[in-house]
Amino acid sequence: MDYIVNNTGIPSSEWWKYKPAGTSSTMDFSALAKTAEGGEGGLTKDDIVAKLSDGSKATLRRLKSNPNFISKREWMDLTSELNRMGVISDTDYMGSDALFHLVPLGDMDNPYTLTGDMRTALDKINQWPGNPFENYDMWAFSLKKWATVLSMERNPDGTPKYQSVAPIQKQASSCSLVSGLVKDLLKVV
């Protein structure tokens, strides 16, 4: 189970627009990068940008020229469209979603404890900076730091307190993947 922070101001009646489309054909960034470098099959960066709506293309152009004034809604529209196209997997889309920041709780018998740094990061993440790359970099860094702290915690007998912090690491990876994908698409526009 995850803790959900809604920090958008978007009415709940519109949330359905930003949930994963449940596409069956997904491509991760490594496959996209391989394809763009001349690999077999799949979509190239040019193909992806060509298939985007005019609004998403405009967001990409604005991100390229000045990434500091992108609204959360513009970013969410772009990433949602990439998810519906199958370029961003549902897992990575949800792990990097700007609408809800899912904080993994661990297993129910031994939930992850929130550190002071993580509470501060959750407060900061609620304040969209206008630059989605800064937002994602900060969130991914905070998640990685949290995972590192949790992985060092020990029970009184010296055994690791948590069996795995992989859910936190996966979410950090999703943020980096989505951010990297969009940065790569900026080379085309």
Side-chain angles (χ1 to χ4, degrees), residues 1-20 28-29 55-56 58-83 88-108 110-153 161-162 164-186:
M1 175 171 274
D2 296 318
Y3 174 68
I4 299 174
V5 176
N6 176 12
N7 58 4
T8 64
I10 293 173
S12 58
S13 61
E14 293 187 30
W15 288 354
W16 65 271
K17 292 181 183 178
Y18 303 104
K19 291 183 181 175
D28 68 17
F29 180 62
S56 289
T59 299
L60 282 176
R61 285 191 293 276
R62 288 185 54 235
L63 273 166
K64 186 173 185 174
S65 65
N66 188 357
N68 294 318
F69 298 102
I70 303 300
S71 73
K72 187 180 286 190
R73 179 169 258 165
E74 290 171 313
W75 180 259
M76 289 168 41
D77 286 344
L78 172 62
T79 57
S80 179
E81 190 170 337
L82 290 168
N83 173 250
I88 298 173
S89 72
D90 288 350
T91 301
D92 289 326
Y93 176 72
M94 287 304 293
S96 65
D97 193 358
L99 179 61
F100 300 110
H101 289 287
L102 302 174
V103 180
L105 293 179
D107 66 52
M108 297 311 291
N110 191 18
Y112 301 136
T113 55
L114 280 179
T115 61
D117 285 345
M118 196 58 187
R119 284 188 182 93
T120 301
L122 281 168
D123 289 340
K124 278 185 176 180
I125 207 78
N126 286 328
Q127 302 163 7
W128 185 256
N131 184 327
F133 302 126
E134 285 178 12
N135 183 279
Y136 276 51
D137 289 347
M138 187 273 298
W139 186 237
F141 175 79
S142 296
L143 288 166
K144 289 174 188 176
K145 183 177 178 182
W146 186 39
T148 300
V149 168
L150 292 177
S151 68
M152 292 187 294
E153 289 188 16
K161 183 173 181 178
Y162 303 102
S164 172
V165 293
I168 299 170
Q169 294 166 330
K170 174 62 179 144
Q171 188 178 25
S173 175
S174 292
C175 290
S176 298
L177 184 140
V178 170
S179 179
L181 168 66
V182 174
K183 285 177 184 175
D184 217 39
L185 294 177
L186 294 179

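These numbers come from a predicted model, not from an experiment. The chain is numbered in sequence order, starting from 1.
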**Message:** Let's go through Thr79 and Ser96 carefully: what are the C-alpha distance in whole Å and the side-chain angles of both, what is the deciding distance for side-chain contact (heavy atoms from CB on, under 4.5 Å) to 0.1 Å, and is it a yes or a no?
**Reply:** CA-CA 9 Å; Thr79 57; Ser96 65; 5.9 Å; no
**Asked** So, the side chain of Ser151 versus the backbone of Ala147: is there a donor-acceptor pair under 3.5 Å, distance only?
**Response** yes
**Request:** Give the ring-plane orientation class for Tyr136 versus Trp75, where under 30° counts as parallel, over 60° as perpendicular and anything between as tilted.
**Result:** perpendicular
**Item:** Partners meeting side-chain contact (heavy atoms from CB on, under 4.5 Å) with Ser176 (sequence neighbours left out)
**Value:** Ala140, Lys144
**Prompt:** Which value, rounded to the nearest 0.5 Å, describes the distance between Met152 atom CE and Tyr162 atom OH?
**Reply:** 12.5 Å
**Fill in**
Sorted by chain and number, sequence neighbours left out, side-chain contact (heavy atoms from CB on, under 4.5 Å) with Pro129 holds for Glu134, Asn135
**Request:** Give the intermediate values and the outcome of side-chain contact (heavy atoms from CB on, under 4.5 Å) for residues Ser80 and Tyr93.
**Result:** CA-CA 8 Å; Ser80 179; Tyr93 176 72; 3.5 Å; yes
**Request:** Check step by step if side-chain contact (heavy atoms from CB on, under 4.5 Å) holds for Ile70 and Thr59.
**Result:** CA-CA 8 Å; Ile70 303 300; Thr59 299; 4.3 Å; yes
**Asked** Is the closest side-chain heavy-atom distance between Leu63 and Pro132 below 4.5 Å?
**Response** yes
**Request:** Output all residues satisfying side-chain contact (heavy atoms from CB on, under 4.5 Å) with Thr115, sequence neighbours left out; order by chain, then residue number.
**Result:** Asp117, Met118, Trp146, Val149
**Message:** With rounding to the nearest 0.5 angstrom, report the CD to CG distance, Gln171 to Leu143.
**Reply:** 5.0 Å
**Item:** Beyond-backbone contact of Leu60 with Lys64, side-chain heavy atoms, under 4.5 angstrom
**Value:** no
**Message:** Quick check: do Leu186 and Phe133 have side-chain heavy atoms less than 4.5 Å from each other?
**Reply:** yes
**Message:** How close do Leu82 and Leu185 get, counting heavy atoms only, and between which atoms?
**Reply:** CD2-CD1, 4.0 Å
**Complete:** Distance col, row Ser174:OG vs Ile88:CD1, nearest 0.5 angstrom, shows 10.0 Å
**Prompt:** Taking only residues two or more places apart in sequence or in another chain, which ones pass salt bridge (charged side-chain N to carboxylate O under 4.0 Å, His left out) with Lys161?
**Reply:** Glu153
**Message:** So Tyr112 and Ile168, do their side chains get closer than 4.5 Å, heavy atoms only?
**Reply:** yes
**Prompt:** With sequence neighbours excluded, what pairs up with Ala166 under the side-chain contact (heavy atoms from CB on, under 4.5 Å) test?
**Reply:** Ser164, Gln169
**Complete:** Contacts of Arg62 meeting salt bridge (charged side-chain N to carboxylate O under 4.0 Å, His left out) (sequence neighbours excluded), chain-then-number -> Glu74
**Prompt:** Does Lys170 have any salt bridge (charged side-chain N to carboxylate O under 4.0 Å, His left out) partners at least two apart in sequence or in another chain, and if so, which?
**Reply:** Asp92
